[in-house]
Enquirer: 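To start, I am sharing the structure in question, which I have written as structure tokens.
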Amino acid sequence: MEKIRMATPLVEMDGDEMTRVLWKRIKEELLCPFVELNTEYYDLGLPHRDETRDQVTIDAAEANKKYGVSVKCATITPNAQRVEEYKLHEMYKSPNGTIRAILDGTVFRTPILIDSVRPAVRNWKKPITIARHAYGDIYKAAELRVPGPGRAELLFTGADGREVRQAIYDFECPGVLQGSFNKDTSIASFARSCFNFALAQKQDLWFSAKDTISKQYDHTFKDIFAEIYEAEYKVRFEQAGIEYFYTLIDDAVARVIRSEGGFIWACKNYDGDVMSDMVSTAFGSLAMMTSVLVSPNGCYEYEAAHGTVTRHYYKYLKGEETSTNPMATIFAWTGALAKRGELDGNAALVRFAHTLEAACLKTLDGGVMTKDLCGLCEGVTPTPVSSDGFLAAVRKNLEAMLQKTA
């Protein structure tokens, strides 16, 4: 079978630990035999990010703006232990946060559903998509360890030199401070991305925050969403037969648990980070979650929603066999390839991406799966396999399905 050609490069961002190992194996087993991969490669593994003082992350994000579509492996956001382990020059910020800030996009995360794994919340029947704001909050916050007694204040100095001060707390002992921020322009981009995505999916949109407590920060989010909805989207939502509403995040959690799914839940940055893990785990597994960052100017970054699977990586380094679920990483590739094909008018590339996804689902519904899913499946007798065993089974189904469509 002749390999599918790609006219425009895909921005490829490699990552860390076990997901880096799987990244290479997925390319070898499921992509390169069928597609002449055309990628512009950036190594976002922690050692290379340290060598470049994280400039490589910025370069990768700028390349995404140039070519429009990227695919990203999971990466490490270092803490103090990682700084020591990798002998880093500094404790670098989240690479995902850096990329999101440059692209000014919104992250949409949706669980991958299979017939044999029922959600832990039994009344969930349809996927719940988490729309996560991709800018600011604690991911770009300034932090300070307070050494002892003293007054903490917020200080804003305007461009005209005027100062605005507000007391935070009079410390009587050591403590910690954190200053987070956001921008009206980024919040507006977030709102429009969510409204547009809801219209495209023809699904209701919920937005939740905590404006009763955060009367300036969260209330600004609520107000901007409401203003944009009323001015630009209300009529279109009504014509599409879908609904937008705002509710407090604690109320939203209760509503989500009682619902049957099938809607988009928009959250601020940290809320979305947490809730996407809750939703993905309740639907089956952290490794069964798609994630795409959509920027206001039409750039796309596809990634796995989970971490680098450190525990399995340490087993791998000892020569032990691992059963790491590669689904989210595979679907990051298929999402990126399908979008690249769509933008380039490359129907063959789009078909291949969709066929690979179908081959993955067929493999799982046939009972061949990694160990994280075996205890969750119903209606089939699972066959637990290693990561390589799963990729080989997908390859077999993929080849058979491609032959039928040749």
Side-chain angles (χ1 to χ4, degrees), residues 3-16 19-20 22-24 26-28 30-45 48-49 51-52 54-75 94-110 131-132 134-135 185-186 189-190 192-193 196-197 200 290-305 328-357:
K3 288 188 180 183
I4 299 166
R5 297 178 182 272
M6 295 175 58
T8 309
L10 192 66
V11 179
E12 177 184 353
M13 307 179 193
D14 211 342
D16 288 297
T19 46
R20 185 184 182 95
L22 291 175
W23 191 262
K24 183 173 182 289
I26 289 167
K27 289 171 65 177
E28 292 172 343
L30 301 179
L31 302 178
C32 291
F34 311 100
V35 179
E36 284 193 6
L37 278 183
N38 181 7
T39 70
E40 187 166 298
Y41 178 86
Y42 293 86
D43 184 358
L44 267 57
H48 192 242
R49 277 158 47 209
E51 289 173 14
T52 66
D54 215 27
Q55 181 62 42
V56 65
T57 306
I58 297 169
D59 293 343
E62 293 296 335
N64 183 295
K65 291 168 69 175
K66 177 181 178 181
Y67 292 110
V69 185
S70 65
V71 57
K72 180 183 173 295
C73 184
T75 48
S94 161
N96 288 343
T98 298
I99 294 167
R100 290 168 193 148
I102 292 171
L103 296 180
D104 188 27
T106 297
V107 177
F108 296 94
R109 290 180 170 172
T110 307
R132 174 185 172 189
Y135 183 79
T185 52
S186 181
S189 292
F190 173 42
R192 290 189 175 93
S193 293
N196 288 333
F197 193 82
T290 67
S291 182
V292 56
L293 174 72
V294 184
S295 76
N297 61 348
C299 292
Y300 298 81
E301 183 227 19
Y302 294 81
E303 61 174 344
T329 305
I330 295 172
F331 272 57
W333 273 104
T334 57
L337 290 171
K339 179 56 67 174
R340 181 77 277 160
E342 175 190 326
L343 295 177
D344 291 353
N346 188 341
L349 189 60
V350 175
R351 281 197 302 271
F352 170 79
H354 292 163
T355 304
L356 177 51
E357 290 181 357

Enquirer: Which of these passes side chain to side chain donor-acceptor pair (under 3.5 Å) with Thr8: Asn38, Asp344, Asn346?
Expert: Asp344

Enquirer: For residues Arg340 and Met6, report the shortest heavy-atom separation together with the two atoms involved.
Expert: CG-CE, 4.0 Å

Enquirer: Distance check, rounded to the nearest 0.5 Å: Leu337 atom CG versus His354 atom NE2?
Expert: 10.0 Å

Enquirer: Distance-only check: which donor-acceptor pairs under 3.5 Å involve side-chain atoms of residues 98-107, not counting sequence neighbours?
Expert:
residue: Thr98; atom: OG1; partner: Ser94; partner atom: O; Å: 3.2
residue: Asp104; atom: OD1; partner: Ser186; partner atom: OG; Å: 3.2
residue: Asp104; atom: OD2; partner: Ser189; partner atom: OG; Å: 3.2

Enquirer: Can you tell me how far CG of Leu356 sits from CG of Leu31, rounded to the nearest 0.5 angstrom?
Expert: 6.5 Å

Enquirer: Could you grab the distance from atom CZ of Phe352 to atom OG1 of Thr334, nearest 0.5 Å is fine?
Expert: 9.0 Å

Enquirer: Are side-chain heavy atoms of Tyr41 and Asp14 found at a separation under 4.5 Å?
Expert: yes

Enquirer: What is the distance from atom CZ of Arg49 to atom OH of Tyr42, rounded to the nearest 0.5 Å?
Expert: 16.0 Å

Enquirer: Listed by chain and number, what are the ring-ring contact (aromatic ring centres under 6.0 Å, His included) partners of Tyr302, not counting sequence neighbours?
Expert: none

Enquirer: Write down the atom of Gly15, the atom of Cys73, and the distance for their closest heavy-atom approach.
Expert: N-CB, 3.3 Å

Enquirer: Would Lys72 and Asn96 count as having a side-chain donor-acceptor pair, cut-off 3.5 Å?
Expert: yes

Enquirer: Classify the angle between the aromatic ring planes of Trp333 and Trp23 as parallel (below 30°), tilted (30 to 60°) or perpendicular (above 60°).
Expert: tilted

Enquirer: CG of Leu30 to OG1 of Thr329: how many Å apart, nearest 0.5 Å?
Expert: 11.5 Å

Enquirer: How far apart are the C-alpha atoms of Leu293 and Glu303, what are their side-chain angles, what is the distance that settles it, and do they pass the side-chain contact (heavy atoms from CB on, under 4.5 Å) test?
Expert: CA-CA 8 Å; Leu293 174 72; Glu303 61 174 344; 5.6 Å; no

Enquirer: From Leu37 CG over to Leu10 CG, what is the distance, rounded to the nearest 0.5 angstrom?
Expert: 8.0 Å

Enquirer: For Glu301 versus Ser70, what's the shortest heavy-atom pair and its separation?
Expert: CG-OG, 3.0 Å

Enquirer: Looking at every heavy atom in both Asp16 and Leu44, which two are closest together, and how far apart are they?
Expert: OD2-O, 3.8 Å

Enquirer: Applying the side-chain contact (heavy atoms from CB on, under 4.5 Å) test to Asp43, which of Arg20, Glu51, Glu12 qualifies?
Expert: Arg20

Enquirer: For the pair Lys65 (side chain) and Cys299 (backbone), establish whether a donor and an acceptor sit closer than 3.5 Å, ignoring hydrogens and angles.
Expert: no

